[in-house]
Structure formats: structure tokens, C-alpha cells
Number of protein chains: 4
Amino acid sequence: MKRIGILTSGGDAPGMNAAIRAVVRKGIYDGLEVYGINYGFAGLVAGDIRRLDVADVGDKIQRGGTFLYSARYPEFATEEGQLKGIEQLKKFGIEGLVVIGGDGSYHGAMALTRRGFPAVGIPGTIDNDIPGTDFTVGFDTAINTVLESLDRIRDTATSHVRTFVIEVMGRGAGDIALWSGVAGGADEIIIPEHDFDMAAVAKRIQEGRDRGKKHCLIILAEGVMGGNEFADQLATYGDFHTRVSILGHVVRGGSPSARDRVLASKFGAYAVELLEEGKGGLCIGMLDNKVVAADIIDTLENNKHRPDLSLYELNQQLSF
Amino acid sequence: MKRIGILTSGGDAPGMNAAIRAVVRKGIYDGLEVYGINYGFAGLVAGDIRRLDVADVGDKIQRGGTFLYSARYPEFATEEGQLKGIEQLKKFGIEGLVVIGGDGSYHGAMALTRRGFPAVGIPGTIDNDIPGTDFTVGFDTAINTVLESLDRIRDTATSHVRTFVIEVMGRGAGDIALWSGVAGGADEIIIPEHDFDMAAVAKRIQEGRDRGKKHCLIILAEGVMGGNEFADQLATYGDFHTRVSILGHVVRGGSPSARDRVLASKFGAYAVELLEEGKGGLCIGMLDNKVVAADIIDTLENNKHRPDLSLYELNQQLSF
Amino acid sequence: MKRIGILTSGGDAPGMNAAIRAVVRKGIYDGLEVYGINYGFAGLVAGDIRRLDVADVGDKIQRGGTFLYSARYPEFATEEGQLKGIEQLKKFGIEGLVVIGGDGSYHGAMALTRRGFPAVGIPGTIDNDIPGTDFTVGFDTAINTVLESLDRIRDTATSHVRTFVIEVMGRGAGDIALWSGVAGGADEIIIPEHDFDMAAVAKRIQEGRDRGKKHCLIILAEGVMGGNEFADQLATYGDFHTRVSILGHVVRGGSPSARDRVLASKFGAYAVELLEEGKGGLCIGMLDNKVVAADIIDTLENNKHRPDLSLYELNQQLSF
Amino acid sequence: MKRIGILTSGGDAPGMNAAIRAVVRKGIYDGLEVYGINYGFAGLVAGDIRRLDVADVGDKIQRGGTFLYSARYPEFATEEGQLKGIEQLKKFGIEGLVVIGGDGSYHGAMALTRRGFPAVGIPGTIDNDIPGTDFTVGFDTAINTVLESLDRIRDTATSHVRTFVIEVMGRGAGDIALWSGVAGGADEIIIPEHDFDMAAVAKRIQEGRDRGKKHCLIILAEGVMGGNEFADQLATYGDFHTRVSILGHVVRGGSPSARDRVLASKFGAYAVELLEEGKGGLCIGMLDNKVVAADIIDTLENNKHRPDLSLYELNQQLSF
């Protein structure tokens, strides 16, 4: 293999640039040429491709977002799109591809592999909702960003004796809510993977207030419902001076944390090694603190992401 | 004067604790006893008052919120409330009061002064909408918090070539939007103090896009309209891949900036000096980089807060 | 078991307060009384002990340092010290002890256990140099703090085309240097666990400069030598416009990261469970992403902490 | 005037990039061509000059350092250097120059003006030691960076009941120490502009300890002496468990604060306006919260920077 390509796809996540840097530098270190593809699969099909040199990834490891841009591109699910993409790769002499993104990106990598073009997936999303890895690139930064906001909101909640509903991202997964909730000492954590009883929530808030508690912080995963809807439902049980805060796209950006940069660097270097060994159709992950690779088709079809539900129980014991 | 009291009122703001600390320490340094009143004017009327010692303000200067708690208490506008409040102050032997907060708090201080009880106001609000001062305690922290969010959102906006409408606090004032917008290199700043033309905004976004601009950030003061409403109106002019981010209560909290702590410390110490000199009915401010005091009634009745509109024009020249 | 005690010992680390909170809240949740011992083993011997309630750990999860204070107390290595400590514990009816700290603290816990008093150790140190765990409480925060400083120094190094030697903490271990070095894109990482050749370092700096590199960042673990000594040795090979920055105690403090708070919460709750089951003489750890406990004597005597040296090799391939 | 140039000189400071961006964008907005000169006066003499477009300053406002690089270049004090510099400017058709930096940079601008080439100076340094302005670009960021470190050190100092000597930058000026010391609640602030008595310092530390104070933070401006030297002198009066922390180059970097970005934007735009009006030989400043310009020769020769010594007295009253 002489030339490899790299693209980022789906929602951007902090650490994507660190992963791109690792792929580029590791590739060049090993004597390869590395090509960057702009705007994900859309740019792949359009041939928006350029060679990346060491200088192109200088001063990028600490930047949020992705300097290769990203885009959602459902058209890549079609045979036409995939064939066109492979044609573009061949035009540039690219023999292997690294794809950084979420499960949509994995499907793209899987489709390429099925058509004989070796592709390797790196899990990059703040939501942590990818099977085959304990942690995705971007998750650690995201929970720290949420945590900073929780710490800020606690100041205000305490000063005014208020209940706060804080809606956090995560798509269908509760990982961001769980981790930031435990770390932030949230009173309640509401996630899609665990049922909840609004009446019981209201009762616990009232009991806390009766005991002199100055604030109540409820972390709500967006996969359950919206923050305003939650507050409306809660209000039917009493007036808890509730305020809603929706931590939206702020959580996607920012300079990546140390963990995310290290994870991204390990993943990026390993992806290059896999391609050099002629291995495609794999997705990389961190399982039990070890970098691993697994069949991407098998991972998507037979595995399901599960958050660490022991955190849910832990929080119930620590935040009564 | 032997005993003075202090309370915080209205919305909490970073730096309020630094101001309380300054009042307590300066008071004790000068030989006074200082009493803290919890929950603003509500606590004053209820007699929720306790003596504060140096140890009570230890490890507080860096904390957001207000450890004396705050509350809105419209009942203090009544004669009954005011007389009851003065009765409580006299019961504790308190002869002068420092009030930290926004214009509602100033009205309370003014009412006490009119009834013969000397009160001094310190402007504490993130909104910067108090007459008689160029800067309020909390404003500098708030614009830095907004700025961090802008920098994060820019990562994501650039990665996806999107338009972002970022709604920021400020009540009726555009100061937060103006300062954070200029500092964040916003493409558009929409404030209550300056009219705007949605069609022209849409046209500039389109022109920027045509020139290859990767993102468009619009900072919207909440006093104009809500972020979602703005996005809906903008959408009638075209599809700009708009996302909305509402930076709510996150902006109220957080450890105060260096400026806010210094401002709060100066204001707090000066408030004590004024009461020691027997001067009540004053509000403190920073005008032209100097700490000043002015008649609180005159300030509220004859002055109006105006944001620095030169920033508006500056941004138009720098973010075309 | 009805009453348990908790103390922090050795150098303080971010997340110690989160661990104390978890011990207190989990204990009370399970119906125990929890006692806090101030100033580590020194306070234990002196009987500086008080009952902790839920309110005592409110608003503490986000604080750096340890609100139980810490102290080094070599006298606890004596029989007299240990017997006196156990006497104090019995006086308060305390039947089990949680000790948070580094290996010195572990030796204290081991000594108590050997004398029949059940003690459980939680690894708390920024240095990550404790056997029996992949990560200690405080390490994740420390590497993020170092990383922030590296990002700042890179600004200045790039602006002036300079070489920077950045000395970081870690006692005899290179973990902080390794992780922050990889995350920060350091050009060189110098650690005690890997030899280095000053002439080769100088040669690589010169080659980088010849290729137009704007800066060179060298992360130096304090366990190798001091930053100024390193710079002096480097200077014998040429003038690289070297500056030295010693990131000292700044790295010990600060609000703990999300990871550290979650780790501390898990460890704290598990320590209580172990004591409830009558298990003493254990140290808790996170191995392969799972919370585990092992015999504290065996761990100290037969295990040795080893940093993740794959990071060293990774950095050589990414920062050539 | 059709073409203007811009350079940064001396030590880099956060906000320099925001000032460059403002000069470039304001210049282009007004129909000028703007040229960037790399490496300060050294690059000017060498002709390291290139045209800057709007895209060159995109995504720069939030970056620390200076993307035009900086350098110290004492040779510019010679007639030969100055004539060569003017020759280079003329070769590119540049008719006016903006210089961002400290007093060395101002001397360069003054020399050019004296030789008939209009130059305008913008005060850019973290040290705040430039006459003709209350605040320099970079100072606000620097004091916030110091403050973060102080807050972190306080965690550790409190946990261990220690005295900390924190040496901060500032060259001959005490501004950084003064502002960050007041904002950080320092127990002692030692600056070049005010004498101090080591015996009295030691006495106050001992008294504080006797009253149960958990820590003592001493902020020391580098212009007085080094931190280790101070600690050695202090140690002759007793053992205060002193640790020294030297906050070096970390304080130079980092993303600029909101204030610094706004200040830099105002200064940059105003510098362009002055050159457009044919006014050279001026230095820009913020005096009494207003942007002003003054004769650069007169300012350097007849003015002297003075820190706000009222802060010194304030701290004595608040941190007894």
C-alpha cells in the first residue's frame, strides 16, 4: 500500500483533528502518502481530495471540530454513490481509507469494504453510542464541557433555591447524561436506557426541599424527551421553581481533552497499521483499556452499545 | 456607625461573593460588625440575619453565585414591607445597609433611604444594564463565558458549514451580545438598541457563503426576540442550514473573572467607607475607570443605561 | 459495622473530595455513621476526628484539594503511632477505615490491617504511580492541567521560534509526562522509565529547525532531572533559544475532571461496600476498565507500577 | 494612502492576533491593501513581507501568540537598520505602518516616524508597563491566567497548611502581581513600586497561622526578586512550610479574554483610521475608558507607567 485516504463524517467531535493528525503523521512516518477528503462521503463522491503533508496537520491537535469538514450524505447508501466514491479513490491511487465518525460513517466504511475497497473505521462522536468500543473520540471532552456547565448552573441554582432541568445531547444514548450526572453530583439522571417515574421524581424533589436542600439538578438525556416538555410534566406535580437549560451545540466543540487526544492518536496510528497489513473492514475500539479491532459488519450487526448502567445505580446511592 | 448589614438581591451574578467578602473584611478592618442578610429583601423582612466573621468569607472570593442567596421579592415595594425591614435592621442594631444587585435592588435601597435608613447600592448583574456605571459586577465574567461558548460553536459551525443563531441573556440590554459578539468575531450582532433588517441579514449570509465563508455566527440579544423565532423568520429568506443555541443560565454562574473580582472588591470597600461617612442613598459605579458614587434616586430617575454602540459600528467594519 | 472513618494522606489530588463525598454518602445511604479524620495519620493519632453528615459533603464534589486536609506523617511508621491511632479509632467506635492517598498512605493502611484493624486504600495522587490500578484519582485532572499549559506555551514558542523545556511533576514516574506529551504533540518526552541521548535530542531539534519547524516542546518528567539542568546540558550542543518552564504545584489543584470525579465516586462507594463485608487490607483500583480490589500487602510488595510505554513509541512515530 | 503594513514585536501577548485581524479587516473595508511583516523589525529589514487577505485572518481572533511571529531585534536601533527597513517598505509600496508591541516596539515606530515614515504603535504586552494607556493588549488575559493558577494553588495550600510564594511576570512592573493578587485574595503582594519589610511579612504569616489560617499566598512580581530568593530570605525568619511556584511563560499564551479581544479590535481599527488621516508618530491607548492617541515621542519621553497603587492599599485592608 502506497496511498491512503482519510475522511470525517457525521457530526463533528473534539479529537477528530488529533485522529487525522495521527493518521497523516503515522502514514508519512511509515513511508505512505496520505490524502485528505473534504466533507466526508459527499466530498469523496465529488472528488474533493488533496494530499496532506506534515505541515497540514501542524497546530491542529488542540483544535475542536474537523479541518476536513464533515457532512451528512445519505446518498452514499446507494450503489451509484459507492461506485463513484471508489472511482474517485482509484483516480488518486488511494488503496485504503480511514473513516472517522459515528455509525452512519461505519455503514459507509462497511459498504466500501463489501465492494472490495479496504476501509477502517474510527469511532468519533460525542455521544459514545458506537458498538465495539467503551469510549468514542469526543466523549470525554463532551462530558467535561457538560460538567463545566453543571458547575456553573449549580451556582445559580443554589443562590436561588431552584430546580434545574438540564437537557444534554446523546441522541438515543444516555452516556453523556450518566457520566456528567455522576460527575456533577446530579440529583436525578434521566436516560432512555432506564425508566423513570415522574411522580417519584417530584416526591424526591419535595423531600429534599423539606430537608433544606438548596437546589435540585436533573440531567435529562435528549433521547428521553425535551427539557421543556419534562419541565411541563414535572409542573403538574407542584411548583419547584424549575428552570430549563438546553446544552446544545456548545457541547460539540472545544479543544479536546487529554484523554480524547491520546485515544485519537492511538486509534489513528493503529488504523494505518491495519491498512498497511492489508486489513480492511475493521472498526477500532478501546475495550477494557486496550486498543482492539473487530469486523465492522459483525460489530454493527451483532453488537449493541450499552451505557455503563452501574453509574445509574451509583448515582441513586450517592444523590438521595 | 458600629454595625452594617449586607444583602444580595435579584438575579445572582459572578463576583457577588467577592463583593460580600470585601464589605465584611473592610468593615471588620475598620472596627465594625457586619451582618449578612439571607435571601435579599425577603430575608430582611423575615429577619434571616446573622453576624459574619472573617472566616465566613474565607474561600469565597472565587465562587460564583451568592452565598447569602438571593430572591426576588416584589412585596418590598410596599410601605409595610419597608417598615418591617427597617424594624428588623434596628432589632439587630444595624445602622447602614449595602445592597448588591440590579435595578430592583436599587429601588429597595432607595426606598430605605427615603425612610431615613442609609443604604448604598452596588451594581451586580451580568446584564450590565444599570445606570451610573460603565460596568456591573458579573458582566465581565458573563461575556467571557459566552465567548467560550462562541469559540466552541465556531468549531462545529465551521466543520459543517452552518449558520448559528446564538441567543444570549441581557434582559432589555444588548451589552452582552455586543461585547461577546465583537470579541467572538460574530458575523451579525442583533440588539434591542439598534434596528435590523432580516432581509439584509439573509443577503449578507448568502454573499458570505458565495465567497466561500465556512460559517456564520449571529449573536442575538434575548431582548430582541427568541432564537427560534429569529431562525424561523430567517428561514423565510432561504435555507442557511441554521441551528439555534440558547445560552441560558450557564452564563449566570462560574468563578468570577479577575476584572469582576477587582471591581467587586473596590466597590465593596468603597460602600463601607460611604456608610462610615454617614452617606446613604448612593449607588456606586465605575465611570471612566474611576470608582464613583452618585445619588441613587437621581441615577435611577434621570439616567438611562446605554450600551457602547461604537462596538456595533466596529463590528460592521470588521465582520463584513 | 456501624461506624467507619475516612482520611486523606500524602500529597493532595483533585478528586479526593469527590471520593470523600462518595464514602460519606454511600455510608449514610447504607445506614452507617461516617467520621472524618483531619490531617491524615497525624490527625488520626491526635484524635482530630468528627462525624460527617450529608451537609458536610455538599458542594464539595467539584472542589480541588481535600477538605479533610492532608499531611505527611512519617511517625506513623512506628508501633507507637499505630497503636495510638487504633486507640483513637476505638474511642470513637470506628470499626473500619478508608485511606485515600499514595503509597505512603497504603503503608499506613497496611500497618493498621496487620494489627487487626480493617483499612481499605483508595489510590489518590496526581502521579499515577500506585501499583494495582491503571489510573489514580487526580491523574486525569493533572494531565489536562498540564495540557492547558502546553497549549499556552505552544502559542509563545511558535511566535518566537523557540525550544521549550517543560518540567512536569510525577515523582519517580513518567506517566504525567507521557500522557500530556502525547496529548500535547510534544516533540520530545523524557521520562525515567526510558533512557535518552542528549546528543540525539539536540540533533532532532536542529533537523526540525532546518525543515522550518517553528517550535520544539520537550516534556521532562521531574524524576529524570530538573528543567534548568536539562537546558544547561542541551546548551552544550548548540543554541536552541531554549526557555524552561516548571509546572509545579499548579498541577496539584483545580476542579477535578469528569473522569476523576466518576473514578473517585466509584472507588469511594466500593470501599464502603468492602468494609461492610468485613474486608480490610485491600486496595482498590481500576484495571482494564473494571473496579477491582486486591490485597494491599501483596500489591505493594509484589507489583510495580509501570507507565504505558506504548505511548512513548507512539510519540516517536507521531512527532518526528 | 493605499497600502499599509503591520508587524508584531517584542514578547508576544494574547490579543495580538485579534489586533492584526482588526487592522487587516478595517483596512480592506476601507479599500486599502494590508501587508503583514513576519518576525517584527528583523523581518522588516529582511523584507519578509506578504499581502494579507481577509482569509488570512480568519479563525485567528481566538488564538494566542502572533501569527506574524515576533522577534527581538536590537539592530533596528541603528541608522542602517532603520533605512533598510524603510527601503523594504517602499519596495512594497507601503505608506504607513502599524506596530504592535511593548516599549521596544514603540522606539522602533518612533525612529521610523522621525525619518518621515508614518508609524502608529499599539500597546501589546502582558506586562501592562507601557505609558499612555491604562491597559495593554494581553494584560487582562494574563491576570486571568495567573488567577486560575492561584485558585489551583490555593486548593493545595489549604489542604496542606502551607505558605506559597508565587512569582509572576511583569518585568519591572507590578501590575500583574497587583491585579491578580487582589483578585486572588492574596495575603501579601510584593511589587517593585512599593517597599516591603520581610520581617513584617514573616510576622503577619505567623499571626495568621496563630489565628488558624490554613494557607498564606504571597504574590511576588519578578521585578523585585526571584521566588526562590524570596523564600530563602523568608526562611531566615522561621519555617512556614514554604513552597515556590514560578508562573513563567504559561502566562504569555492562551486564548485572549473578551476584554483583550475588544481592546485589540478597537485599537487595530483606530490605528488604520489614524494612518488614513495621514497621522503617524502616534501611540494608541485606552485612558479613562476612552480610546485615545498621543504623540509617541512625547509619551515615551515624558510619561511613565504607574500601576494602580490604590489596589495595594485595598489588599492590605482586605487580606489582613
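First the proteins, then the strands, lettered A, B, ... as listed; each starts at 1.
Top candidate by heavy-atom pairs under 4.5 Å with chain C, chosen from M16(D), E148(D), R63(D), is E148(D). The greatest number of non-hydrogen atom pairs below 4.5 Å with chain C, out of R252(D), R154(D), K214(D), is found for K214(D). Note: S70(C) leads G248(C), S149(C), S70(C), A157(C) in heavy-atom pairs under 4.5 Å with chain D. When each of I246(D), L68(D), T145(D), D151(D) is checked for heavy-atom pairs under 4.5 Å with chain C, T145(D) comes out on top.
Heavy-atom distances place the side chain of V161(D), and not its backbone, under 4.5 Å from chain C. Heavy atoms closer than 4.5 Å to chain D are found in the side chain of R243(C), but not in its backbone. Using a 4.5 Å cut-off between heavy atoms, L247(D) contacts chain C through its side chain alone, with no backbone atom that close. The contact between S245(D) and chain C is made entirely by side chain atoms (from C-beta outward), counting heavy-atom distances below 4.5 Å. In this structure, the portions of D12(D) lying under 4.5 Å from any heavy atom of chain C include both its backbone and its side chain. Contact annotation for Y39(D): only side-chain heavy atoms (C-beta onward) come within less than 4.5 Å of a heavy atom of chain C.
For the pair H249(C) and R152(D), the minimum side-chain heavy-atom distance is 4.5 Å or more. A heavy-atom distance below 4.5 Å is found between the side chains of T158(C) and Y69(D).
G65(D) and S159(C) make their closest contact through CA-OG, 3.2 Å (heavy atoms, listed as atom of the first residue, atom of the second, distance).
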